[in-house]
Protein chains: 2
Amino acid sequence: MTLSEEDYIKAIYHLGKGLDQAVSTNSIAEQMDTKPSSVTDMVKKLSEKDLVFYKKYKGVLLTETGRLSALSIIRKHRLWEVFLVDKLDFAWDEVHEVAEQLEHIKSEKLIDKLDAYLGNPKVDPHGDPIPSKDGEFKKSVKRLVTELPIGSQGICVGVNDSSVAFLKFLDKNNISLGDTLEILDKEDFDGSLSIRVKGKEMRISEQIGSNLFLEVLEKD
Amino acid sequence: MTLSEEDYIKAIYHLGKGLDQAVSTNSIAEQMDTKPSSVTDMVKKLSEKDLVFYKKYKGVLLTETGRLSALSIIRKHRLWEVFLVDKLDFAWDEVHEVAEQLEHIKSEKLIDKLDAYLGNPKVDPHGDPIPSKDGEFKKSVKRLVTELPIGSQGICVGVNDSSVAFLKFLDKNNISLGDTLEILDKEDFDGSLSIRVKGKEMRISEQIGSNLFLEVLEKD
DNA sequence: AATTAATTTTAGACAAATCTAAATATTTGT
DNA sequence: ACAAATATTTAGATTTGTCTAAAATTAATT
Ligand SMILES: [Mn+2]
Ligand SMILES: [Mn+2]
Ligand SMILES: [Mn+2]
Ligand SMILES: [Mn+2]
């Protein structure tokens, strides 16, 4: 598989949300920043290689082989993102472009060893799940801290209330987007929460918790 | 610069041994495992981009820009090799193919951070020098252990006497090709040497030392 | 010095990946 | 249901990197 084919397969997977959804030529073109006519050409080639089902004017769908290829590329992309953030101290929002290149390096041994070296991580720095070698993974969802049960763990990915005051609070308490947050306890009395971020335990009010989004893995 | 252009520039650098030597079309073709006609085409393109001087039938020579480009690619190649061996536990003789791919990843920040993460290494797992960001490096040479002064440090790259007995000795003492070896002391009386390999000190006879090759950096 | 051999370049072709412009099919709105 | 708008495909061209076969140049041998 060429670099370009891999990028197309990945785009088709993302646009179809991993489901049995036919994906339109135009949507692929937009995602890949190319022209629809280029997409048609490539989609024909992918169809020849049995990576997608394709019917003229009716969109495109990954075959099982195609789906597994997509997951393999996504696995590599996300493992490299973990490497860049955990080992090389990249910020969570500057890893995508580099991972976009690294995901195409061909060596099964490399990925196996990288996975082990990183401690077999289950999620990438954006909270997205890392598929296993054989293409299995839990889906991830975006939830408010207050919506989650005790013991939950996720990655801070956004805020509901983007007021200056709220952002200042987060900054002051050394909570940044991209940080892993664990819910240790909930206080029935006032709904306040005990959490751990960057190894440090702290208590936050229900109001804070209801404005901070975590990306968490779904239960089985 | 495309991946292919980078590989050509690197090949031309290696064939010219970093000196002002004109390199022949055929030698490049052999090194790159392509046809001479393909080399001629590429060499014209590189000449257009002022990466090489090229005169029909007279061979090709890197310009200063070309030389610096070559060193930049070699730097990346060797840093990745160190990463694969030191961090991912690859054997020294299985890293080349993967590094051949990784050397083309485009991100200055990535290489800076990788360099720092690896502890700014000066040599790769084969004992070859790693050029600095601005293209400076010491040449490396292959020397018998006995030819080197106390304090020398290098990488085991070969044997003079490949007898079973000698190889068994190395194996028994846990010395493998690719290991870093440091010469701690020399005994005038019998020429025996005190060395350190893999953190362990040991004493070897002059006969052993005169059959083991080290790749070492030249003094300034 | 002339012939032969080896090297190098040119000419023409091809596959991959892309584009523009034009043709065709599908969807939408009346 | 039909026209207009939108989406998709085709046709033809371009760039990059490669190849084969043939021509041209340089080097080696008698
Ligand atoms: Mn990519
Ligand atoms: Mn990610
Ligand atoms: Mn390479
Ligand atoms: Mn090396």
Could you state the [atom1]-[atom2] distance from [X] to [N], rounded to the nearest angstrom?
X	N	atom1	atom2	result
Met42(B)	dT15(D)	CE	P	16 Å
Glu30(A)	dT8(D)	CD	P	11 Å
Leu3(B)	dT18(D)	CG	C1'	14 Å
Lys35(A)	dT10(D)	NZ	C1'	17 Å

Among all residues two or more places apart in sequence or in another chain, which pass the side-chain hydrogen bond (donor to acceptor under 3.5 Å, both in side chains) test with [X]?
X	answer
Glu64(A)	Arg67(A)
Glu5(B)	Lys49(B)
Asp50(B)	none
Asp179(A)	Lys198(A)

Exercise for the section: Pick base, sugar-phosphate or nothing for Ser4(A), based on heavy-atom distances below 4.0 Å to the nucleic acid. Expected result: sugar-phosphate
Could you pull out all donor-acceptor pairs under 3.5 Å where a side-chain atom in residues 16-25 of chain B meets a protein atom, sequence neighbours excluded?
{"residue": "Ser24(B)", "atom": "OG", "partner": "Ser27(B)", "partner atom": "N", "Å": "3.1"}
{"residue": "Ser24(B)", "atom": "OG", "partner": "Ser27(B)", "partner atom": "OG", "Å": "3.0"}

Practice task
Return yes when atom CD of Gln207(A) has more than 12 non-hydrogen atoms of other residues, nucleotides or ligands closer than 6.0 Å, and no otherwise.
Solution key: no
Exercise for the section: Would you mind building the protein contact string for nucleotides 3-11 of chain C? One character per nucleotide, 5' to 3', B for base within reach (heavy atoms under 4.0 Å), S for sugar-phosphate only, - for untouched. Expected result: ----SBBB-
